Amino acid sequence: YASGGNITSTLESVSKDVAVIKDAEKERKTALGQHVLIMYAIFAMFLIIVLALTKILVPMFKQQSASLSGSGSFGFSDPCRLCLGSGADINCAPCSVYGVVCSMFGINAGVGCYYTALFFSMLMLQGVFGGLVAGQISENSVTSGLKHSMIMAGVGFATFSILIRIGFLGF
């Protein structure tokens, strides 16, 4: 003030700039909030697709595998059957995870177990990584992404568990 600066015009300019920055931030959050909703919609569609595949295709694979088991024809079989009794092979690592998933849901080993565990694993991966992306988009934060990941993966796990327990997925 002593050097001759106009304090009033300087403060008005600063207040206008702050208002513009706040409006831009609000607009950004609104626009990015829509992207988060899109991420949740994508997860919901993926969940429905996985449940449909599990409900429709897995019984078909089991039936075809049972009818073709005696013949030399190509059928949908359990790729993990080759890992039974073998040592610690890197190619068999997913099979041990699938075995845990099947035992968690009470599904017998075989074609139904393999494909159900595969679809469930894909659902969990979609939930975790979709949530991380949603958090990064919305709040530019990994911790926010973990929150979204827990929500998506939790909904997927709960839905899958409930539908298996009530017998909708038919195991």
Side-chain angles (χ1 to χ4, degrees), residues 31-139 141-171:
L32 294 179
Q34 293 172 355
H35 290 293
V36 172
L37 288 176
I38 290 170
M39 294 301 294
Y40 276 95
I42 289 170
F43 178 74
M45 285 188 285
F46 192 78
L47 175 64
I48 291 168
I49 290 168
V50 164
L51 292 174
L53 288 173
T54 304
K55 174 72 176 164
I56 296 167
L57 288 180
V58 171
M60 289 172 47
F61 291 164
K62 285 172 63 175
Q63 182 181 9
Q64 185 180 15
S65 176
S67 66
L68 295 176
S69 63
S71 67
S73 302
F74 173 76
F76 293 100
S77 64
D78 180 8
C80 288
R81 69 176 163 32
L82 301 173
C83 295
L84 295 175
S86 67
D89 185 10
I90 190 69
N91 296 326
C92 293
C95 294
S96 61
V97 173
Y98 295 161
V100 170
V101 170
C102 290
S103 65
M104 179 175 60
F105 289 120
I107 301 170
N108 295 332
V111 176
C113 168
Y114 173 77
Y115 287 107
T116 302
L118 175 68
F119 294 147
F120 176 76
S121 300
M122 290 177 1
L123 179 66
M124 291 295 103
L125 286 173
Q126 171 69 22
V128 168
F129 289 110
L132 289 174
V133 169
Q136 188 67 32
I137 287 174
S138 68
E139 298 172 30
S141 165
V142 174
T143 55
S144 175
L146 292 175
K147 174 184 70 171
H148 291 290
S149 293
M150 288 182 4
I151 291 170
M152 287 184 188
V155 166
F157 182 83
T159 303
F160 211 84
S161 297
I162 290 169
L163 292 178
I164 285 180
R165 299 279 187 248
I166 65 172
F168 177 75
L169 296 178
F171 300 107

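Numbering starts at 1 and runs along the sequence shown. No experiment lies behind these values; they were computed from the predicted model shown.
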| request: Please report the closest heavy-atom contact between Phe168 and Lys55, naming both atoms and the distance. | output: O-NZ, 2.8 Å
| task | Measure the CD1-OG distance between Ile166 and Ser161 for me, rounded to the nearest 0.5 Å. | result | 11.5 Å
| field | Nearest-0.5 Å distance that lies between atom CG in Leu47 and atom OH in Tyr40 | value | 13.5 Å
| said: Can you tell me how far apart NE2 (His35) and OG (Ser138) are? Round to the nearest 0.5 Å. | reply: 11.0 Å
| task | Compare all side-chain heavy atoms of Phe160 with those of Leu51 and state whether any distance is below 4.5 angstrom. | result | yes
| said: Can you give me the closest heavy-atom contact between Leu132 and Ser149, atom names plus distance? | reply: N-OG, 3.1 Å
| Heavy atoms, side chains only, cut-off 4.5 Å: are Lys147 and Glu139 in contact? | yes
| request: Indicate yes or no: at least one non-hydrogen side-chain atom of Val50 is less than 4.5 angstrom from one of Gln126. | output: no
| task | For residues Ile56 and Pro59, report the shortest heavy-atom separation together with the two atoms involved. | result | O-CD, 3.6 Å
| message | What's the separation between atom CZ in Phe119 and atom CG in Leu53, rounded to the nearest 0.5 Å? | response | 4.5 Å
| task | Kindly give the heavy-atom pair with the smallest separation between Ser121 and Tyr98, and that separation in Å. | result | OG-CE2, 3.5 Å
| What is the distance from atom SG of Cys102 to atom OH of Tyr114, rounded to the nearest 0.5 Å? | 11.0 Å
| message | Quick check: do Met104 and Phe157 have side-chain heavy atoms less than 4.5 Å from each other? | response | yes
| Are His148 and Met39 side-chain neighbours, meaning at least one heavy-atom pair lies under 4.5 Å? | no
| field | Note, Ile162 side chain near Arg165 side chain (heavy atom, < 4.5 Å) | value | no
| note | Separation between CD1 (Ile38) and CD1 (Ile137), nearest 0.5 Å, reads 8.5 Å
| task | Using a cut-off of 6.0 Å, state whether more than 12 heavy atoms not belonging to Met150 lie near its atom CE. | result | no
| Would you call Leu146 and Val128 a side-chain contact if the rule is heavy atoms closer than 4.5 Å? | no
| query | Taking the six-membered ring for Trp, are the ring centroids of Phe120 and Phe105 within less than 6.0 Å of each other? | reply | yes
| Which is it for Met60 and Leu57 under the side-chain contact (heavy atoms from CB on, under 4.5 Å) test, yes or no, and what are the steps along the way? | CA-CA 5 Å; Met60 289 172 47; Leu57 288 180; 4.3 Å; yes
| field | Check: Cys113 main-chain N/O paired with Thr116 side-chain donor or acceptor under 3.5 Å | value | no
| Are Leu123 and Thr159 close enough, and set up right, to give a side-chain contact (heavy atoms from CB on, under 4.5 Å), and what steps lead you there? | CA-CA 11 Å; Leu123 179 66; Thr159 303; over 6 Å; no
